[in-house]
Peer 1: 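This structure is in structure tokens; I'll ask about it shortly.
So that the names make sense, note that chain A is the first sequence line, chain B the second, and so on, each numbered from 1.
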Number of protein chains: 4
Amino acid sequence: MDKKNKILEASLELFGKKGYFETDIESIAKRADVGKGTIYLYFKNKKDLFISTINYALNNCNEEILKSVEKVDTPSLKVERYMETFFNIMLGNVSKIKFFTMNNINSNNQISDFSKNIDKKIVIKRFQILKDIIEEGIEKKEFKDFNSEIMTMMIVGLIHMEISRVIFFETQIDQKRIKYLKDNVIKILSKE
Amino acid sequence: MDKKNKILEASLELFGKKGYFETDIESIAKRADVGKGTIYLYFKNKKDLFISTINYALNNCNEEILKSVEKVDTPSLKVERYMETFFNIMLGNVSKIKFFTMNNINSNNQISDFSKNIDKKIVIKRFQILKDIIEEGIEKKEFKDFNSEIMTMMIVGLIHMEISRVIFFETQIDQKRIKYLKDNVIKILSKE
Amino acid sequence: MDKKNKILEASLELFGKKGYFETDIESIAKRADVGKGTIYLYFKNKKDLFISTINYALNNCNEEILKSVEKVDTPSLKVERYMETFFNIMLGNVSKIKFFTMNNINSNNQISDFSKNIDKKIVIKRFQILKDIIEEGIEKKEFKDFNSEIMTMMIVGLIHMEISRVIFFETQIDQKRIKYLKDNVIKILSKE
Amino acid sequence: MDKKNKILEASLELFGKKGYFETDIESIAKRADVGKGTIYLYFKNKKDLFISTINYALNNCNEEILKSVEKVDTPSLKVERYMETFFNIMLGNVSKIKFFTMNNINSNNQISDFSKNIDKKIVIKRFQILKDIIEEGIEKKEFKDFNSEIMTMMIVGLIHMEISRVIFFETQIDQKRIKYLKDNVIKILSKE
DNA sequence: CATGAATGAGCGTTCATTCAT
DNA sequence: GATGAATGAACGCTCATTCAT
């Protein structure tokens with residue numbers, strides 16, 4: 001792995017675990033096993049590194065989700081896979097949780113600064129994947145004819161709420177709970 | 001207004017606008033028109049002030065929502081009022097937006113520290129208000145028999161997604177958009 | 001006891017225990033059971049209070065020593081009483097220790113400021129009491145004909161060294177140790 | 001001179017002149033001609049710097065005294081050299097005075113904290129040098145058979161008293177005064 | 001390319017002092 | 001006289017960024 005990627009992986013872990021402001025460059029350098037100055041060879045400054053890290057993480061996640069949903073056929077199964085993969089990425093890699101809630105971004109007066117630099121296409125893509133599935137389900141008469149945009153936002157919103165709940169109440173999210181969430185979403189979506 | 005409340009209002013505005021780490025005590029003091037030292041007469045330290053501010057904001061919001069939904073009769077209208085009030089609080093007071101997304105809380109490695117001190121009852125209350133409405137609607141056969149917990153999380157999640165969208169894409173949220181969201185939620189909930 | 005004396009007693013205890021800079025006006029006010037503002041009715045500022053406290057303490061000490069040495073007849077017994085009383089004041093009132101070592105005074109760039117205001121006569125008096133005793137002993141041929149000024153400084157110096165030793169090494173000073181010190185001083189002073 | 005030593009020298013001067021609490025890190029940095037942050041590369045915090053400075057100063061002083069007493073032969077001359085060097089270090093370097101009186105240490109409620117960290121061996125060494133000389137003098141029948149521990153404390157105590165006197169009364173200490181003190185001490189010590 | 005020693009702006013917090021009651 | 005709420009100057013320490021090697 002080249003130095004740039006080592007830095008991104010270290011950033012992902014540390015920004016994810018401790019947030020933007022409580023992560024310092026020195027600890028990223030140490031974790032990535034490079035010199036502090038080296039980071040500034042690949043990234044303009046801390047903010048640039050942060051944004052790059054988010055894009056890197058979101059991209060990885062989208063790819064994983066896409067690969068997962070492609071393995072099944074029906075829209076229902078695809079929705080289940082979408083939710084499942086989303087949760088599992090988080091279960092397996094706590095450090096990534098934060099990036100999917102946009103928390104770090106907002107807790108900053110340079111919202112627009114950050115927003116301008118985060119690749120909007122990647123975020124949109126994450127929604128689009130689910131929206132496409134839902135529209136396919138509606139077309140195939142497998143899902144009720146709900147507004148697909150709204151339904152997408154509600155499902156992604158549900159996932160975010162669940163993550164917030166887990167963090168906030170310090171509970172656990174297990175496979176049983178994931179199944180419970182999936183089943184109810186499918187029930188809401190499905191005709192009959 | 002006494003000094004303590006002036007400080008809380010200033011904190012609400014600044015923490016809301018700029019987040020925990022980029023808001024400094026001095027600017028809160030200036031905005032509240034009190035001395036920097038005065039803040040420390042009423043709050044133990046910055047974190048204590050932050051947590052107090054969140055509790056203060058969430059409480060205010062819950063009260064406003066409750067008052068609003070009590071004015072109408074049917075569950076459908078109540079859901080609409082809930083969403084509407086939620087959005088309007090934010091439209092009218094951008095500074096409060098952040099607190100409802102828990103963003104500030106998470107962007108910190110002391111998540112549990114903060115979480116422990118935020119009055120969980122207030123957060124739960126916000127969900128409970130909507131859950132009660134939905135269960136009333138189901139009982140009265142006005143709403144479909146969906147899982148009320150999941151449906152609550154999905155609707156609150158939808159609101160959060162919309163707020164994130166507005167912040168992230170720097171768009172506007174107007175009454176037309178709010179109506180669009182409400183109508184679609186009601187359509188999803190309603191029998192027939 | 002009037003308020004001024006209550007404040008002086010509280011100051012003596014706290015300045016003695018914690019030193020000038022780590023003692024705050026608020027805690028003195030609390031200990032003296034008066035309002036913080038009240039202190040400023042009787043003393044111009046913190047420094048003035050400190051100096052007044054030192055003078056108060058040194059005066060008390062001189063009086064106690066004088067009373068004690070007057071009770072015995074021979075110079076040897078008087079020297080013993082001087083040393084003994086000095087140590088016992090400290091044993092019985094740890095808080096006073098500091099003032100006799102001038103420590104607090106020196107740890108300040110306003111040495112001269114402080115020095116100018118501490119009643120030099122009181123400090124001189126403390127030495128003079130012992131010097132008079134030694135000169136009496138020499139005159140009465142009880143003591144060797146050493147320089148009385150030097151011998152006085154050496155004995156007071158010995159006491160200070162012992163106090164420093166006790167504080168620094170956190171040991172105890174007991175009656176046996178005091179007897180040991182006295183006996184050796186008398187041996188040094190005495191003819192035969 | 002490397003940065004660490006430049007910082008120690010600046011600390012020695014400023015802590016010595018103004019005491020622990022009235023010396024601020026910024027002024028040490030300025031005097032040492034380094035950045036404020038640089039100090040924290042070499043010392044954990046202000047207290048650590050202070051303790052390191054004391055140990056540094058005491059060590060230097062011990063070495064200077066040792067070198068000086070070794071140049072002469074008889075115990076009497078060695079005692080004179082000890083006193084002389086002690087005073088001259090202070091005459092030539094006012095800033096060091098304070099450290100030899102332990103003043104700074106005591107003016108703090110964290111006495112034990114500080115005491116624990118100051119190298120006791122260095123302080124003991126300073127006494128031991130003189131005690132060894134006195135015992136040598138006694139053995140060689142040059143000095144009276146006084147208790148060497150007490151005599152050591154009295155002579156070091158005398159030096160401290162003289163220093164305190166100089167600081168307190170803002171007088172001068174000149175070679176004539178030093179000779180006067182030495183002569184009288186030798187007279188007290190000597191047989192015949 | 002890579003490093004890490006050096007920097008100094010910036011911030012949370014304390015506390016002596018004031019003054020309206 | 002007596003009070004204590006209010007103030008803001010001052011200081012220890014952190015950390016993003018630079019630059020000589």
Peer 1: Could you tell me which residues satisfy side-chain contact (heavy atoms from CB on, under 4.5 Å) with A/Leu41, sequence neighbours excluded, listed by chain and number?
Peer 2: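 Counting only residues at least two positions away or on another chain, A/Leu41 forms a side-chain contact (heavy atoms from CB on, under 4.5 Å) with A/Thr38.
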Peer 1: For D/Phe43, answer base if it contacts any base atom (sugar-phosphate contacts may also be present), sugar-phosphate if it contacts only those atoms, and nothing otherwise; contact means non-hydrogen atoms under 4.0 Å.
Peer 2: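 Since no nucleic acid heavy atom lies under 4.0 Å of D/Phe43, the category is nothing.
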Peer 1: Is the backbone N or O of B/Leu14 less than 3.5 Å from a side-chain atom of B/Thr23, with the two atoms forming a donor-acceptor pair by type?
Peer 2: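 Flag set: sc B/Thr23 to bb B/Leu14 pair under 3.5 Å.
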Peer 1: Residues in side chain to side chain donor-acceptor pair (under 3.5 Å) with B/Tyr56, at least two apart?
Peer 2: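 Per chain and number, B/Tyr56 pairs via side chain to side chain donor-acceptor pair (under 3.5 Å) with B/Glu9.
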Peer 1: Mind pulling the stems DNA chain F is in, i.e. runs of at least three Watson-Crick or G-U pairs, everything under 3.5 Å?
Peer 2: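 Stem list for DNA chain F: E:2-21 with F:2-21.
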Peer 1: Would you give the length of the straight line joining atom CG of C/Asn45 to atom CD1 of C/Ile39, rounded to the nearest 0.5 angstrom?
Peer 2: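 Separation between the atoms: 11.5 Å.
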Peer 1: Can you sort out the partners of D/Tyr42 under side chain to side chain donor-acceptor pair (under 3.5 Å), two or more places apart, ordered by chain and number?
Peer 2: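 Here no residue qualifies.
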Peer 1: Name the residue closer to the 5' end of DNA chain F, choosing between C/Asp33 and B/Lys3 according to the nucleotide with the nearest heavy atom.
Peer 2: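 Here C/Asp33 is the residue nearer the 5' end.
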Peer 1: For A/Ala10 and A/Ile28, which heavy atoms make the closest approach, and how far apart are they?
Peer 2: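 So the minimum-distance heavy-atom pair works out to CB-O, 3.8 Å.
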Peer 1: With rounding to the closest Å, how many angstrom separate the C1' atoms on F/dT21 and E/dC1?
Peer 2: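 My reading of the C1' atoms in F/dT21 and E/dC1 gives 13 Å.
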Peer 1: Please list, chain by chain and in numerical order, all residues satisfying salt bridge (charged side-chain N to carboxylate O under 4.0 Å, His left out) with D/Lys36, sequence neighbours excluded.
Peer 2: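 Here the qualifying residues are D/Glu26.
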Peer 1: Under the side chain to side chain donor-acceptor pair (under 3.5 Å) test, which residues partner A/Asn5, sequence neighbours left out?
Peer 2: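 Testing A/Asn5 for side chain to side chain donor-acceptor pair (under 3.5 Å), a comparison that skips the adjacent residues, returns A/Asp2.
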Peer 1: Once rounded to the nearest 0.5 Å, what's the spacing between atom OG of C/Ser52 and atom CG of C/Asp48?
Peer 2: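 C/Ser52 OG to C/Asp48 CG: 4.0 Å, rounded to 0.5 Å.
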Peer 1: Report the residues that fulfil side-chain contact (heavy atoms from CB on, under 4.5 Å) with D/Tyr40, sequence neighbours left out, ordered by chain and then residue number.
Peer 2: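 Expected list: D/Ile25.
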Peer 1: Quick one: B/Leu14 CG to E/dC11 P, roughly how many Å, whole number?
Peer 2: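 So the two atoms are 13 Å apart, to the nearest Å.
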Peer 1: For nucleotides 12-16 of chain E, give me every protein contact, N/O to N/O, under 3.5 Å, one pair per line with atom names.
Peer 2:
unit_1 : atom_1 : unit_2  : atom_2 : d
E/dG12 : OP1    : B/Lys46 : NZ     : 2.6
E/dG12 : OP2    : B/Ile25 : N      : 3.0
E/dT13 : OP2    : B/Tyr40 : OH     : 2.9
E/dT13 : OP2    : B/Lys46 : N      : 2.9
E/dT13 : O4     : B/Lys36 : NZ     : 2.9
E/dA16 : OP1    : C/Lys46 : NZ     : 2.9
E/dA16 : OP2    : C/Ile25 : N      : 2.9

Peer 1: Please identify the 5'-most and 3'-most nucleotides of DNA chain F with any atom under 4.0 angstrom from a heavy atom of chain B.
Peer 2: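 On DNA chain F, the outermost contacted nucleotides are F/dA5 to F/dA10.
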